[in-house]
Student: 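Could you have a look at this structure, given as structure tokens, before my questions?
A quick note: this is a predicted structure, and the numbers were derived from the prediction, not measured.
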Amino acid sequence: MPDRAPRVLGVDEFAFRKDCTYATVLVDVEAGRVVDVLSSRTSETFAAWLKSHPGAEIICRDRATTYTKAARGAAPHALEVADRWHLLQSLSAAVEETCHQHRDCLRKHAEEVMTEVPESRPRCYYRPRNCPAPRSSNAPVTAMRTSTACWRNAGRSAPSPAV
């Protein structure tokens with residue numbers, strides 16, 4: 001185990017068994033490897049580790065106040081940032097709450113927009129029975145993007161490729 005913390009230190013809790021025993025995992029975010037596993041998830045345990053392993057410039061953590069308290073006490077110079085997963089979770093919760101709060105005006109606006117859009121008839125293309133749906137490719141485009149076999153099954157000759 002190194003005696004210095006990595007420059008970017010990730011910290012998160014995990015359970016050995018669900019709802020039983022929790023621990024803390026410390027990760028070197030830049031190298032993508034586990035640095036250490038602490039026996040508990042208390043602020044004292046994490047603070048003691050930070051004091052004995054100086055050098056963390058950035059601490060990437062979840063929103064737990066336990067790790068905030070330890071980081072501020074043992075590594076006050078380190079920049080604390082939210083990890084990607086918790087950042088997206090917070091964003092998702094904020095968007096959901098905002099949409100829920102404004103659902104009436106959003107519904108009204110959607111109904112107004114729907115009445116303004118003219119109804120258009122769907123396009124219908126003839127494709128012979130038993131013919132697979134056209135696939136996208138970089139091959140030259142034919143009139144209907146169907147295979148010659150499909151046209152033969154329908155009793156017609158295939159269109160010539162568009163030039």
Student: Got a second to check how far R61's CZ is from E13's CD, nearest 0.5 Å?
Tutor: 11.5 Å

Student: Of all heavy-atom pairs between T45 and S40, which one has the smallest distance, and what is that distance?
Tutor: OG1-OG, 2.8 Å

Student: Count I, L, V, M, F, W, Y as connected when their side-chain heavy atoms are under 4.5 Å apart, and connections chain through other members. Are V35 and F46 then in the same cluster?
Tutor: yes

Student: Looking at every non-hydrogen atom in both residues, tell me the closest pair between K51 and A74 and how far apart they are.
Tutor: CG-CB, 3.8 Å

Student: Listed by chain and number, what are the ring-ring contact (aromatic ring centres under 6.0 Å, His included) partners of F14, not counting sequence neighbours?
Tutor: F16

Student: Using 0.5 Å steps for rounding, measure from the CZ atom of R72 to the OG1 atom of T65.
Tutor: 10.0 Å

Student: Linking directly or through intermediates, with side-chain heavy atoms under 4.5 Å: list the remaining ILVMFWY members grouped with V8, chain and number order.
Tutor: V29, I58, L79, V81

Student: May I ask you to list the residues sharing a hydrophobic cluster with L91, side-chain cutoff 4.5 Å, ordered by chain and number?
Tutor: V95

Student: Can you name the closest pair of heavy atoms from C99 and L106 and give their distance?
Tutor: O-CD1, 3.9 Å

Student: Measuring from atom NE2 of H53 to atom CG of L9, what distance do you get when rounded to the nearest 0.5 angstrom?
Tutor: 10.5 Å

Student: Between A47 and A70, which heavy-atom pair has the shortest distance, and what is it?
Tutor: N-CB, 3.7 Å

Student: Once you round to the nearest 0.5 Å, how far does CG of D28 lie from CZ of R7?
Tutor: 9.5 Å

Student: Say you draw a straight line from CG of D36 to CG of L26; how long is it, rounded to the nearest 0.5 Å?
Tutor: 5.5 Å

Student: Search all heavy atoms of L50 against all heavy atoms of A75 and return the closest pair with its distance.
Tutor: CD1-CB, 4.3 Å

Student: Going from CG on D83 to CD1 on I59, what distance comes out if it is rounded to the nearest 0.5 angstrom?
Tutor: 13.0 Å

Student: I want to check a possible cation-pi pair here: R41 against Y22, using under 6.0 Å from ring centre and within 45° of the ring axis as the test.
Tutor: yes

Student: Walk me through whether T24 and W49 qualify under side-chain contact (heavy atoms from CB on, under 4.5 Å).
Tutor: CA-CA 11 Å; T24 301; W49 190 93; over 6 Å; no

Student: Out of H102, E96, H100, which residue meets the side-chain contact (heavy atoms from CB on, under 4.5 Å) rule with T98?
Tutor: H102

